[in-house]
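Take a look at the structure set out below.
Because only heavy atoms are used, hydrogens play no part in the values below, and waters and symmetry mates are left out as well, while side chains stay in.
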Amino acid sequence: MPSGRCPAGGPVLQFTNCRILRGGTLLREDLWVREGRILDPEKLFFEERRVADEQRDCGGCILAPGFIDVQINGGFGVDFSRATEDVGSGVALVARRILSHGVTSFCPTLVTSPPEVYHKVLPQISVKSGGPHGAGVLGVHLEGPFISREKRGAHPEAYLRSFGANAFHDVLATYGSLDNVRIVTLAPELDRSREVIQALTAQGIRVSLGHSVADLRAAEVAVQSGATFITHLFNAMLPFHHRDPGIVGLLTTDQLPPGHCIFYGMIADGIHTNPAALRIAHRAHPQGTKTLSGSIAPMDVCIRHFLQATGCSVESALEAATLHPAQLLGLEKTKGSLDFGADADFVVLDDSLHVQATYISGELVWQAEEAGP
């Protein structure tokens, strides 16, 4: 092909000398990208009779899907729950800074706040694709205010709320709008929580259980009503007890609807959750694991700690921050994998899982100094 000429379909990038995470395995294969998507090289060769327009040598590094963080309360001096006139600039700052930690998409998270804060902040946070400007915004995670007083943690007690006679109306009145909301964390023991869970899931919003004193039965009813996630497992919930394991018991319950999977987040920062608890959760329910940086630790640090604490495989640790959150959000066809046709959001890692480069839609958006490609 003559230099400087790209046939219809745009230029093809070939990432070579790498191990790519696909199907739970690190494969010694090349990664092919065009127009922001992962390509099937066989179709490229045999149907289009094309070769790559550009090759990039990855120096033997790991290529994994971009990390997805479903709970970021802020960072870098920004608090998403603070009602300022320009919330969007704070979200943009965080989105830009987390690229260096391999995060390519995230859910800005608001903690318990008064209605006027939600009404002011939520319209300023919109779903947005990622790029050189920063990680993509998948939608807002509302953590509270419909949570337990006993397990509120750092959430301000004065702003906690319960559901009234018209429960879903109370939700709408509190938040103002659910247009860009992706996840709502609530306590399932609250009266009328079941109808709220059903109403939220009917709108495609994921419901997570957390900040709760629920017993196992209440948690199971919530899951049967549509809840699919547990917010920071072990933290801000009843501790495991052999007579009633509470929400933690969902890890091994036999009362899930057919085909229903429970995902759970864990603060794998070495502080909030003991390594032994991480091991218990991972071994009891490895397919539902998702690490998260729900504290001061960034995502890549949590992945490395989770790997060390649980003794799981590198593949499992990486899928806990990529495939599983994508499945939780129903985005697994485009995010969280390097399957053919998926978005070319990926991270280049060395053998110790330190981020060397971050790509969104096949475009380099962050690179460590003196790192390739």
Heavy-atom nearest pair, Cys18 first then Leu63, reads CB-CD1, 3.8 Å
What one should report as the nearest heavy-atom pair of Ala167 and Glu195 is CB-OE1, 3.7 Å
Side chain of His211, backbone of Lys151: donor and acceptor closer than 3.5 Å? yes
Assess whether salt bridge (charged side-chain N to carboxylate O under 4.0 Å, His left out) is satisfied between Arg19 and Asp351, documenting all intermediate values. CA-CA 10 Å; Arg19 290 160 289 158; Asp351 286 346; 2.5 Å; yes
So Arg82 and Lys120, do their side chains get closer than 4.5 Å, heavy atoms only? no
Examine the side chains of Arg22 and Ser337 and answer whether a donor and an acceptor come within less than 3.5 Å of each other. no
Point-to-point distance, once rounded to the nearest 0.5 Å, from CD1 of Ile38 to CG of Asp40: 11.5 Å
Would a hydrophobic clustering, with Ile, Leu, Val, Met, Phe, Trp and Tyr connected at side-chain separations under 4.5 Å, put Phe240 with Val223? yes
For the residue pair Ile303 and Phe67, establish whether any side-chain heavy-atom pair is separated by less than 4.5 Å. yes
With heavy-atom distances below 4.5 Å as the criterion, would you say the side chains of Leu138 and Leu329 are in contact? yes
Can you establish whether the number of heavy atoms outside His260 located under 6.0 Å from its atom NE2 is more than 12? yes
Check whether Leu238 and Leu186 end up in the same hydrophobic cluster, where Ile, Leu, Val, Met, Phe, Trp and Tyr are linked by side-chain heavy atoms less than 4.5 Å apart. no
Step by step, work out the side-chain contact (heavy atoms from CB on, under 4.5 Å) result for Cys312 and Leu307. CA-CA 6 Å; Cys312 70; Leu307 175 68; 4.1 Å; yes
Any salt bridge between Arg152 and Glu150, counting N to O under 4.0 Å? no
Taking atom OG1 of Thr252 and atom CD1 of Ile262, what is their separation to the nearest 0.5 Å? 12.0 Å
Go through it in stages, so that I can follow the logic: the residues are Leu233 and Ile267, the test is side-chain contact (heavy atoms from CB on, under 4.5 Å), and I'd like the CA-CA distance, side-chain angles, deciding distance and then a yes or no. CA-CA 8 Å; Leu233 184 71; Ile267 308 177; over 6 Å; no
Count the heavy atoms belonging to other residues, nucleotides or ligands that lie under 6.0 Å from CD of Glu85, then report whether that count exceeds 12. no
Non-hydrogen side-chain atoms of Thr322 and Ile68 separated by less than 4.5 Å: no
Val248 versus Met237, closest heavy-atom pair with distance: CG2-SD, 4.0 Å
Identify the residue among Leu110, Asp179, Asn180, Val181 that makes a side-chain contact (heavy atoms from CB on, under 4.5 Å) with Ile125. Leu110
What's the verdict on side-chain contact (heavy atoms from CB on, under 4.5 Å) for Thr104 and Thr358, showing C-alpha distance, side-chain angles and the deciding distance? CA-CA 8 Å; Thr104 54; Thr358 304; 3.6 Å; yes
If we ignore hydrogens and angles and just use 3.5 Å, is the side chain of His141 paired with the main-chain N or O of Val70 as donor and acceptor? yes
Please verify the inter-ring angle class for Phe15 with Tyr359; under 30° counts as parallel, over 60° as perpendicular, anything in between as tilted. perpendicular
Residue pair Gln71 / Glu143, side-chain heavy-atom distance below 4.5 Å: yes
Pairwise distance CG(Leu349) to CG(Asp300) - rounded to 0.5 angstrom: 8.5 Å
Hydrophobic cluster identity match, Leu353 and Ile98, side-chain contacts under 4.5 Å: yes
Determine, stepwise, if the pair Glu157 / Arg149 fulfils salt bridge (charged side-chain N to carboxylate O under 4.0 Å, His left out). CA-CA 7 Å; Glu157 183 175 11; Arg149 293 185 182 277; 3.6 Å; yes
With the threshold set at 4.0 Å, does a side-chain nitrogen-carboxylate oxygen contact exist between Arg37 and Asp343? yes
Within-4.5 Å side-chain heavy-atom neighbours: Leu200 and Leu178: yes
Are any of the side-chain heavy atoms of Ile147 and Leu160 separated by less than 4.5 Å? yes
Hydrogens and angles aside, do Ser148 and Ser212 bring a side-chain donor and acceptor to less than 3.5 Å of each other? no
With clusters built from Ile, Leu, Val, Met, Phe, Trp and Tyr whose side-chain heavy atoms come within less than 4.5 Å, directly or transitively, what are the remaining members of the cluster of Leu39, listed by chain and number? Val12, Trp32, Leu44, Phe45, Phe46
Given 3.5 Å as the limit, does a donor-acceptor pair link the side chain of Gln124 with the main chain of Val87, or not? yes
Going only through I, L, V, M, F, W and Y residues with side-chain contacts under 4.5 Å, is there a path from Ile230 to Leu323? no
Let me check something: do Val196 and Ile205 share a hydrophobic cluster, defined by ILVMFWY side-chain heavy atoms less than 4.5 Å apart, either directly or through other members? yes
Ignoring hydrogens, what is the shortest heavy-atom contact between Gly204 and Arg206? Give both atom names and the distance. O-NH1, 3.4 Å
Donor-acceptor contact present, side-chain Thr231 to main-chain Thr185, <3.5 Å: no
Please confirm whether the backbone N or O of Ile197 pairs with a side-chain atom of Thr201, one donor and one acceptor, at under 3.5 Å? yes
Does CG belonging to Asp191 count more than 12 external heavy atoms closer than 6.0 Å? no
Indicate yes or no for a side-chain donor-acceptor contact from Tyr118 to the backbone of Ser113 under 3.5 Å, with no hydrogens or angles considered. yes
Glu54 CD: over 12 foreign heavy atoms closer than 6.0 Å: yes
Has Ser208 got a side-chain atom pairing as donor or acceptor with Phe229's backbone, closer than 3.5 angstrom? yes
I'd like to know if the side chain of His305 and the backbone of Ala268 have a donor-acceptor N/O pair within less than 3.5 Å. no
Considering all heavy atoms, the nearest Thr109-Cys107 contact: OG1-O, 3.0 Å
Between atom CG of Asp345 and atom CG of Leu338, what is the distance when rounded to the nearest 0.5 Å? 9.5 Å
I'd like to know if the side chain of His119 reaches the main chain of Ala173, judged simply by a donor and an acceptor atom lying under 3.5 Å from each other, with no hydrogens or angles considered. yes
Roughly how far, to the nearest 0.5 Å, is CD of Gln356 from CD1 of Ile62? 10.5 Å
Please lay out, stage by stage, how Phe163 and Phe146 fare under the test ring-ring contact (aromatic ring centres under 6.0 Å, His included). CA-CA 8 Å; Phe163 303 119; Phe146 302 101; 4.5 Å; yes
Spell out, as yes or no, whether a donor-acceptor pair under 3.5 Å connects the side chain of Ser361 to the backbone of Ala344. no
Atom CG in Asp215, atom CD in Glu189: separation rounded to 0.5 Å? 8.5 Å
Can you check whether Gln14 reaches Leu31 side chain to side chain, under 4.5 Å on heavy atoms? no
Given side chain to side chain donor-acceptor pair (under 3.5 Å), test Thr310 with His282 step by step and report yes or no. CA-CA 7 Å; Thr310 63; His282 173 67; 4.9 Å; no
Could you check whether Arg34 pairs with Glu48 (Lys NZ or Arg NE/NH1/NH2 to Asp/Glu carboxylate O, under 4.0 Å)? yes
Would one find more than 12 heavy atoms of other residues, nucleotides or ligands at under 6.0 Å from atom OH of Tyr159? no
Looking only at heavy atoms, the pair that brings Pro188 and Ser193 closest together is O-OG, 2.7 Å
